[in-house]
Number of protein chains: 2
Amino acid sequence: MSTTGRGRLAVVGLGPGDETWRTPEATERLAAATDLVGYGPYLRQVGTIGEQQASHSFPNRKEAERAAFALDLAASGRDVVIVSSGDPGIFAMASAVVEELHKENGSGRWAGVHLTIVPGVTAATAAAARIGAPLGHDLCLISLSDVLKPWKVIEQRIRAAATADFVLALYNPLSRHRPWQLQRALDLIGQHRAAETPVVEAHNVGRPDESVRTLTLGEISSATIDMRTLLIVGSSTTQQFTDGAGRSWVYTPRHYPDASQHAEQ
Amino acid sequence: MSTTGRGRLAVVGLGPGDETWRTPEATERLAAATDLVGYGPYLRQVGTIGEQQASHSFPNRKEAERAAFALDLAASGRDVVIVSSGDPGIFAMASAVVEELHKENGSGRWAGVHLTIVPGVTAATAAAARIGAPLGHDLCLISLSDVLKPWKVIEQRIRAAATADFVLALYNPLSRHRPWQLQRALDLIGQHRAAETPVVEAHNVGRPDESVRTLTLGEISSATIDMRTLLIVGSSTTQQFTDGAGRSWVYTPRHYPDASQHAEQ
């Protein structure tokens, strides 16, 4: 390991859960790293690390600080990995790292650091896979967290997505500090979509305590939802059925009503 | 290999490009399969297959037929994999398979077939990773193909996404049979977004002939785009810069203007 000159930094998506969904590129960067940087639970998700590897745990919501720390480490010659759950570009660390790079562009502080973003399986597609294919048609991914953006922007986006009949994948639906936002979002969606619309409630996908169940928009309640829940709200065409073995399936067909009329365009 | 009783079927996402982004679960199912089923180019993407493995190549747009064929094979006791590029639940085969299962639910035709959807890295997050973090905020994934849905539905969704300041990831932007739709979509977006908005044009991500470049909404042209292109159109907050080494970066910050005012809610 060199401690002089310029090193490299990878922002790695672990995928959801265990190594079954972790890409070879992610595994390779983790194995080669001298230093792992991340929010504590994501570092624990990595699993056993090498004896020669350093691990730097940061609290949540310190994205900019974590990014600058990792870039500094890499600039000192280390081989650094920032770990994210899922995909690092979806409501995760990649954006903060590139933004820090932008701030210091021209200063030379991190010039020569080789930065790579390593994509991963994101929570929405993993949750969808467990229940069938609810994301089979056009969809929106929305984070319900209003820590970094105004709630009115979130409302506007939910309204737009609901009006235009998108499937919605809702990340970060609820936390102790944001207790009412989810119900408000569901109410907004309910103004444009039937109470029978299938909703997939996926907890801890890919973990030992995973649970995925199908409800309806009329049934869903904040009581069973937390930060590790991913919600998928179907569109007007999303279907639900139970097979002969009692397993629930949800899918959104790729075809859409009136497709035969598109020749009029 | 058993040829009596009930087998199993996996709808596997290969991820984009080569094995670097293929999950261990996908690799394991591919290795165990007796039969691989898929659109020709996706079967070629799998790479070398085992001497004892059968390969069944289907033309594009025959999703229902391909799904029923694979389910029948599995019902005969085979270990079947349907291959999709990217994630099988995003504009790919998972939806068609679950829909076929739904049609025959109750008939017993495919009862007992064990069906698994194996998620993968989807094209949007892979393309995003190559250029930074353009998907760092709320986003919509939209297929511009009007083969299975009316163009007016696509227009409505693009208008909604543009109005509510979502980042847009556009799949299937253009084909020989759909020459004008992309320009119409870009014009619609341009009614709500500045000509300077960064647009990422990603071709064949993860393949040897990969190319990813940054343009603006005002610059982008249908001339350089085909079915293997993934387009990411930034939101009003998406940033572009070129670093000291001449590399272009695009990112969408997770924070949004006026976030400090959200306490008023």
Counting heavy-atom pairs under 4.5 Å to chain A, which of B:Gly112, B:Ala133, B:Gly13, B:Ala26 comes out on top?
B:Ala133
Toward chain B: residues of residues 243-253 of chain A with heavy atoms under 4.5 Å:
A:Asp243, A:Gly244, A:Arg247, A:Trp249, A:Tyr251, A:Thr252, A:Pro253
Option that, when pairs with chain B are counted at under 4.5 Å, heavy atom only, ranks first among A:Glu25, A:Arg159, A:Gln156, A:Glu99
A:Glu99
Under a 4.5 Å heavy-atom cut-off, does chain B meet the side chain of A:Glu63, its backbone, both or neither?
side chain
Considering only heavy atoms, which portion of B:Val153 lies under 4.5 Å from any heavy atom of chain A: side chain, backbone, both, or neither?
side chain
Count the heavy-atom pairs under 4.5 Å between each of A:Thr125, A:Ile158, A:Leu135 and chain B, then report the option with the highest count.
A:Thr125
Please name the pair of heavy atoms, one in B:Pro257 and one in A:Pro150, separated by the smallest distance, quoted to 0.1 Å.
O-CG, 3.4 Å
Looking at every non-hydrogen atom in both residues, tell me the closest pair between A:Glu19 and B:Pro24 and how far apart they are.
O-CG, 3.2 Å
Between OG1 on residue B:Thr242 and NE2 on residue A:His102, distance to nearest 0.5 Å:
9.0 Å
Residue part contacting chain B, namely of A:Ala92, when any heavy atom lies under 4.5 Å
backbone
Relative to chain A, which segment of B:Gln239 carries a heavy atom at a distance below 4.5 Å: side chain, backbone, both, or neither?
side chain
Hey, could you give me each pair passing salt bridge (charged side-chain N to carboxylate O under 4.0 Å, His left out) that has a residue in residues 111-132 of chain A? Not counting sequence neighbours.
A:Arg130-A:Glu210
Rounded to the nearest 0.5 Å, the CD1 atom of B:Ile117 sits from the CD1 atom of A:Ile131 at a distance of 11.0 Å
Mind checking what makes side chain to side chain donor-acceptor pair (under 3.5 Å) contact with B:Arg109, not counting sequence neighbours?
B:Asp72, B:Glu104
Between B:Ile154 and chain A, which part of the residue has a heavy atom less than 4.5 Å away: side chain, backbone, both or neither?
neither
For A:Thr116, is it the side chain, the backbone, both or neither that has a heavy atom under 4.5 Å from a heavy atom of chain B?
neither
Answer key: most heavy-atom pairs under 4.5 Å with chain A among B:Ala111, B:Gly120, B:Gly108 is B:Gly120
A:Thr23 to B:Thr20 - nearest heavy-atom pair and separation
CB-O, 3.5 Å
In terms of heavy-atom proximity below 4.5 Å to chain B, should A:Arg254 be classed as side chain, backbone, both, or neither?
both
Whatever's closer than 4.5 Å to a heavy atom in chain A on B:Arg22 counts as backbone
Best-contacting candidate, A:Ala128, A:Ala161, A:Pro119, against chain B by heavy atom pairs under 4.5 angstrom
A:Pro119
Please classify the contact between A:Leu101 and chain B as side chain, backbone, both or neither, with a heavy-atom cut-off of under 4.5 Å.
both
Nearest heavy-atom contact between A:Ala164 and B:Ala160 is CB-CB, 3.6 Å
Residue by residue, scan residues 136-143 of chain A and write down, ordered by number, those that have a heavy-atom distance under 4.5 Å to chain B; if none do, write 'none'.
A:Gly136, A:His137, A:Asp138, A:Leu139, A:Cys140, A:Leu141, A:Ile142, A:Ser143
Find the one option among B:Asp165, B:Thr27, B:Val167, B:Thr163 whose heavy-atom pairs under 4.5 Å with chain A are most numerous.
B:Asp165
Does some side-chain heavy atom of B:Val98 sit less than 4.5 Å from a side-chain heavy atom of A:Phe241?
yes
Does NZ belonging to B:Lys103 count more than 12 external heavy atoms closer than 6.0 Å?
yes
Could you look at A:Leu168 and say if it's the side chain, the backbone, both or neither that has a heavy atom under 4.5 Å from chain B?
neither
